[in-house]
Amino acid sequence: MSLEKQRVATYADIEALPPNMVGQILYGVLYAQPRPAAGHARASSVLGTLLTGHFDLGVGGPGGWILLDEPELHLGDHILVPDIAGWRKANFPASATPATPYLETAPDWVCEVLSPSTRQIDRTDKLTIYANNGVGHAWYVDPAAQTLEVFTLERSAYRITQTFKKTDEISAPPFAGYAFSLGRLWLQSSEQSETHE
């Protein structure tokens, strides 16, 4: 019995996707997902807004970071699109311009917002690739479960260092010292329900 060798996906496969699809190549396999649903988009948008003001723009906070929504990362042979990624300004590539289509420098922090179509690769292949490329911190947000897991890279492997749920107050590395309610990320948080009763 002969086994047919699977073709390794290329960047041309990503470029050929319809505009409503996000493409990633992990270990030579193309993954294409539609744009996220409202709950996913809400969690990502609100979290990005909260952190960008404080850590990127330095509004009421220390600044010192570059935060980007859905940047395309080329890390070795892999092409990934995290929901949010952050670089300490000293680590952001000097060669990047406003027209740069992708980045080859691993971020210091990533956030993945889990959805049914991405949960499996986010929690396996992508997490492994982030660890292998030295991404120091990863946050995994689950809008369906209303949870946040904080991963910290230790000796080339991630360890879950904090978990939060529902409307817990969040303060976690690498953004420790800045606190906000996790409930702000959800379309239907218990805080919102109480307000409308």
task = Could you check whether the rings of Tyr178 and His54 sit parallel, tilted or perpendicular, using 30° and 60° as the cut-offs?
result =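 Plane angle under 30°, so parallel.
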So do [Y] and [X] actually touch side chain to side chain, heavy atoms under 4.5 Å?
{"X": "Gln33", "Y": "Ile121", "answer": "yes"}
{"X": "Ser44", "Y": "Pro36", "answer": "no"}
{"X": "Ile84", "Y": "Val110", "answer": "no"}
{"X": "Ser95", "Y": "Thr100", "answer": "no"}

If I take atom [atom1] from residue [X] and atom [atom2] from residue [Y], how far apart are they, to the nearest 0.5 angstrom?
{"X": "Gln146", "Y": "Leu182", "atom1": "CD", "atom2": "CG", "value": "8.0 Å"}
{"X": "Tyr11", "Y": "His74", "atom1": "OH", "atom2": "NE2", "value": "4.5 Å"}
{"X": "Phe92", "Y": "Leu67", "atom1": "CZ", "atom2": "CG", "value": "10.0 Å"}
{"X": "Asp168", "Y": "Leu148", "atom1": "CG", "atom2": "CG", "value": "9.5 Å"}
{"X": "Tyr31", "Y": "Asp122", "atom1": "OH", "atom2": "CG", "value": "11.0 Å"}
{"X": "Ile79", "Y": "Ile25", "atom1": "CD1", "atom2": "CD1", "value": "4.0 Å"}

ask   = Just checking, any donor-acceptor pair under 3.5 angstrom between side chains of Ser181 and Thr167?
value = no
Short side-chain donor-acceptor distance under 3.5 Å, Thr52 and Thr49 =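 No pair is found: no donor N or O on one side chain lies under 3.5 Å from an acceptor on the other.
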Honestly curious: do [X] and [Y] fall in one hydrophobic cluster under the side-chain, below-4.5 Å linking rule?
{"X": "Trp65", "Y": "Val150", "answer": "yes"}
{"X": "Ile14", "Y": "Leu80", "answer": "no"}
{"X": "Tyr102", "Y": "Leu26", "answer": "no"}
{"X": "Val29", "Y": "Leu73", "answer": "yes"}
{"X": "Leu68", "Y": "Leu57", "answer": "no"}

[X] side-chain N/O to [Y] backbone N/O, donor-acceptor pair under 3.5 Å:
{"X": "Thr118", "Y": "Leu114", "value": "no"}
{"X": "Trp109", "Y": "Ala138", "value": "no"}
{"X": "Arg184", "Y": "Ala43", "value": "no"}

query = Who else is in Val81's hydrophobic cluster (ILVMFWY, side-chain heavy atoms under 4.5 Å, direct or via others)?
reply = Val22
Minimum heavy-atom distance between [X] and [Y], given as atom pair plus value:
{"X": "Leu127", "Y": "Tyr158", "answer": "O-CE1, 3.3 Å"}
{"X": "Pro71", "Y": "Pro82", "answer": "O-CD, 3.3 Å"}
{"X": "Val135", "Y": "Ala106", "answer": "CG2-CB, 4.2 Å"}

request  = List for me each residue that meets salt bridge (charged side-chain N to carboxylate O under 4.0 Å, His left out) alongside Asp142, sequence neighbours excluded, and say none if there are none.
outcome  =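 If we apply the salt bridge (charged side-chain N to carboxylate O under 4.0 Å, His left out) test to Asp142, skipping adjacent residues, the hits are Arg119.
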key: Derivation of the side chain to side chain contact (heavy atoms under 4.5 Å, CB included) call for Val141 and Cys111   = CA-CA 7 Å; Val141 175; Cys111 176; 3.8 Å; yes
task = Starting from the C-alpha separation in whole Å, work towards a yes-or-no answer on side chain to side chain contact (heavy atoms under 4.5 Å, CB included) for Tyr27 and His78.
result = CA-CA 6 Å; Tyr27 297 103; His78 309 291; 3.5 Å; yes
inquiry  = Under the side chain to side chain donor-acceptor pair (under 3.5 Å) definition, can you give me all pairs with a residue in residues 127-140, not counting sequence neighbours?
reply    =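 For residues 127-140: Glu112-Tyr130.
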task = May I have all residue pairs that pass side chain to side chain donor-acceptor pair (under 3.5 Å) and include part of residues 80-94, sequence neighbours excluded?
result = His40-Asp83, Asn91-Asp108
query = Going by the salt bridge (Lys or Arg N to Asp or Glu O under 4.0 Å) test, which pairs reach into residues 143-154, not counting sequence neighbours?
reply =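 Residue pairs with at least one partner in residues 143-154: Arg123-Glu149, Glu154-Arg159.
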query = Which pairs pass salt bridge (Lys or Arg N to Asp or Glu O under 4.0 Å) with one or both residues in residues 70-80, sequence neighbours excluded?
reply = Arg35-Glu70
